[in-house]
Amino acid sequence: MLWETISSVVLGLALSWGALRALPDRLPSSRAVFLTGGPAALFGALLTHSALGTGHLLATCAGSLIVGTITLSLLIRPPGSRPVRSAAVH
């Protein structure tokens with residue numbers, strides 16, 4: 001379980017880095033992307049590990065990549081859109 005945890009967090013951070021390199025203008029701040037990718041991949045690993053049990057390292061890593069990718073895709077803004085700021089922020 002320790003290797004699954006470490007590998008899923010590393011995969012989530014690598015996925016976040018790749019998303020920032022591929023879509024820098026369509027994602028929010030890099031801090032938000034990294035704070036989303038790592039925990040999302042960790043949750044995906046936990047979910048996959050709970051469903052399959054121990055001994056499925058590759059499947060657990062694949063599950064963490066899938067959940068991390070889906071979660072990061074929710075952060076993508078449409079092209080050309082500007083971030084919306086509330087009236088309280090100057």
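Small disclaimer: the values here were computed from a predicted structure and weren't measured.
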Could you tabulate the donor-acceptor pairs under 3.5 Å formed by side-chain atoms of residues 57-64, not counting sequence neighbours?
residue : atom : partner : partner atom : Å
Thr60   : OG1  : His56   : O            : 2.7
Ser64   : OG   : Cys61   : O            : 2.8

Kindly list each side-chain donor-acceptor pair under 3.5 angstrom involving residues 35-53, sequence neighbours excluded, with atom names and distances?
residue : atom : partner : partner atom : Å
Thr36   : OG1  : Ala32   : O            : 2.7
Thr48   : OG1  : Gly44   : O            : 2.8
His49   : ND1  : Glu4    : OE1          : 2.9
Ser50   : OG   : Leu46   : O            : 2.8

Kindly list each side-chain donor-acceptor pair under 3.5 angstrom involving residues 67-75, sequence neighbours excluded, with atom names and distances?
residue : atom : partner : partner atom : Å
Thr69   : OG1  : Leu65   : O            : 2.7
Thr71   : OG1  : Val67   : O            : 2.8
Ser73   : OG   : Ile70   : O            : 2.6

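Taking CG of Leu20 as the start and CG of Asp25 as the end, the distance is 11.0 Å to the nearest 0.5 Å.
Between Phe34 and Trp17, the shortest heavy-atom contact is CE2-N, 3.7 Å.
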